[in-house]
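For reference, the structure discussed in these notes is given below.
Residue numbers run from 1 in the order of the sequence given.
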Amino acid sequence: MAEIQDTIREIKSKFRLFMNGMVSQSMREKGIDYKLNFGIEYPRIKEIAADYPCSHELAQALWKENIRECKIMAGLLQPVDGFCREIAEIWIEDMRYPELAEYTVMNLFQRLPYASEVVFPWIADEREYFQLCGYLLMTRLLMKGWTLNERAEAEFLDQAFTVLEGGTEMRKVAARAVCKFSLQSKTNSRTVLRMLGNLLKSSKPEIKMVAEEIKNEIEYGL
């Protein structure tokens, strides 16, 4: 444990070398309020992480730090082996900002052997960050070529269109997942275009706009 703490101190000292006060201040003004935020851009965090071996113990210790860069690096250094669903969900419960969800899904969750098993429960979860991670994960899996069977497709589209018709910020990530699903095949595209009909006629500008964005992306990709 002492060795882990020494490594974390070393990592923090590297973070201080690249601290960007202006970016950190800008994030605070936008509501991103960690105990400590060095304002370091993601490519630099990834570069620093490359100096360290993947380690469950180190990643867990980094995640427990209420420091933006430590939490992002945790997702980069956490091996998929030994990272069970229970721990993944503890991490999600600890998330407060969409940026962290994006990086954690990209760097870790999409590589989990049980990713396809948790994506639907997370999407259906009423808790904001479970749902956010669910749609981000669905997008990543679809980008990797994961195809849904008929039942899974119906469940996904039902959940996603409920979000698209709602009034939450989740609409953007749900729309992204729907677009990736649509672009997998012409059959998928036709299905989504048909379902977009009512949304395109919506009296709510924000719903109509996101429907038009999905429609345009599908037509551009055909």
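In the hydrophobic cluster analysis, where Ile, Leu, Val, Met, Phe, Trp and Tyr join through side-chain heavy atoms closer than 4.5 angstrom, M209 is grouped apart from I218. No path of Ile, Leu, Val, Met, Phe, Trp and Tyr side chains, each step under 4.5 Å between heavy atoms, connects M143 with F120, placing them in separate hydrophobic clusters. Both V163 and L200 are members of a single hydrophobic cluster when ILVMFWY side chains are connected at heavy-atom separations under 4.5 Å. No chain of hydrophobic side-chain contacts below 4.5 Å, direct or via other Ile, Leu, Val, Met, Phe, Trp or Tyr residues, connects M22 to F38. Cluster annotation: V119 is connected to V80 through the hydrophobic network of ILVMFWY side chains, with a link wherever side-chain heavy atoms come within less than 4.5 Å.
Here the NZ-CD distance, from K12 to E65, works out to 3.5 Å after rounding to the nearest 0.5 Å. For the atom pair CE (M27) and OH (Y97), the distance works out to 11.0 Å, reported to the nearest 0.5 Å. For the atom pair L141 CG and K180 NZ, the distance stands at 13.0 Å (nearest 0.5 Å). Once rounded to the nearest 0.5 Å, the distance linking CD of E155 with CD of Q159 reads 6.0 Å. C84 contributes atom SG, which lies 7.5 Å from atom CD1 of I90 (distance to the nearest 0.5 angstrom). Atom CG of D6 is separated from atom CD1 of I11 by 11.0 Å, given to the nearest 0.5 angstrom.
Residues F83 and Y114 are in side-chain contact: their nearest non-hydrogen atoms beyond the backbone lie under 4.5 Å apart. With contacts defined as side-chain heavy-atom distances shorter than 4.5 Å, the pair M195/V178 does not qualify. Side chains of I40 and M73 form no contact here, defined as non-hydrogen atoms less than 4.5 Å apart. Between K14 and D51, some side-chain heavy-atom pair lies under the 4.5 Å cut-off. Counting heavy atoms from C-beta outward, D125 and I92 have side chains that stay 4.5 Å or more apart. With contacts defined as side-chain heavy-atom distances shorter than 4.5 Å, the pair F161/V192 qualifies. For the pair K172 and V210, the minimum side-chain heavy-atom distance is 4.5 Å or more. Using a 4.5 Å heavy-atom cutoff, the side chains of Q131 and V173 are not in contact.
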Let me see the working for E89 and F130 under side chain to side chain contact (heavy atoms under 4.5 Å, CB included), right down to the final yes or no. CA-CA 8 Å; E89 295 186 344; F130 277 82; 3.7 Å; yes
Trace of the side-chain hydrogen bond (donor to acceptor under 3.5 Å, both in side chains) decision for E29 with Q25: CA-CA 6 Å; E29 290 171 355; Q25 178 62 30; 3.2 Å; yes
I would like to know whether R194 and T191 meet side chain to side chain contact (heavy atoms under 4.5 Å, CB included); could you show each step before the answer? CA-CA 5 Å; R194 185 173 63 252; T191 298; 3.9 Å; yes
Mind running side chain to side chain contact (heavy atoms under 4.5 Å, CB included) on I72 and L100 for me, showing each step along the way? CA-CA 6 Å; I72 293 173; L100 182 58; 4.1 Å; yes
Given side chain to side chain contact (heavy atoms under 4.5 Å, CB included), test I67 with Y34 step by step and report yes or no. CA-CA 6 Å; I67 298 173; Y34 289 95; 5.9 Å; no
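With hydrogens and angles disregarded, no donor-acceptor distance shorter than 3.5 Å links the side chain of Q78 to the backbone of L108. Side-chain atoms of Y129 never come within 3.5 Å of backbone atoms of D94 as a donor-acceptor pair (strictly under, hydrogens ignored). Under a 3.5 Å cut-off, the side chain of Q184 and the backbone N or O of W146 do form a donor-acceptor pair. Put simply, the side chain of Q110 gets close to the backbone of M106: a donor and an acceptor are under 3.5 Å apart. Using a distance-only test at 3.5 Å, with no hydrogens or angles considered, a donor-acceptor pair links the side chain of T7 to the main chain of E3. For the pair T162 (side chain) and D158 (backbone), a donor-acceptor distance under 3.5 Å is present. A distance-only check finds no donor-acceptor pair linking the side chain of N20 to the backbone of G39 [under 3.5 Å].
For F109, the ring-ring contact (aromatic ring centres under 6.0 Å, His included) partners are W122, not counting sequence neighbours. By the ring-ring contact (aromatic ring centres under 6.0 Å, His included) test, Y42 is found to be paired with Y103, residues two or more places apart in sequence or in another chain being considered. Judged as a side-chain contact (heavy atoms from CB on, under 4.5 Å), and not counting sequence neighbours, the contacts of A177 are Y135, M138, T139, F156.
Looking at every heavy atom in both residues, L62 comes nearest to A74 through CB-CB, 4.0 Å. Taking all atoms of both residues into account, the shortest heavy-atom contact from P98 to L132 is CA-CD2, 3.9 Å. Nearest heavy-atom pair across R68 and I45 is NH1-CD1, 4.2 Å. The two residues R111 and G75 make their nearest non-hydrogen contact at NH2-O, 4.4 Å. In this structure, R171 and L164 approach most closely via the heavy-atom pair NE-O, 3.2 Å. Across every non-hydrogen atom of A61 and I8, the tightest pair is CB-CD1, 3.4 Å.
Between E212 and K215, no side-chain nitrogen of the basic residue sits less than 4.0 Å from a carboxylate oxygen of the acidic one, so the salt-bridge criterion is not met. R127 has a carboxylate O that lies under 4.0 Å from a charged side-chain N of E93, or vice versa, which qualifies the two as a salt bridge.
One side chain, S24 or R28, offers a donor N or O that lies under 3.5 Å from an acceptor on the other.
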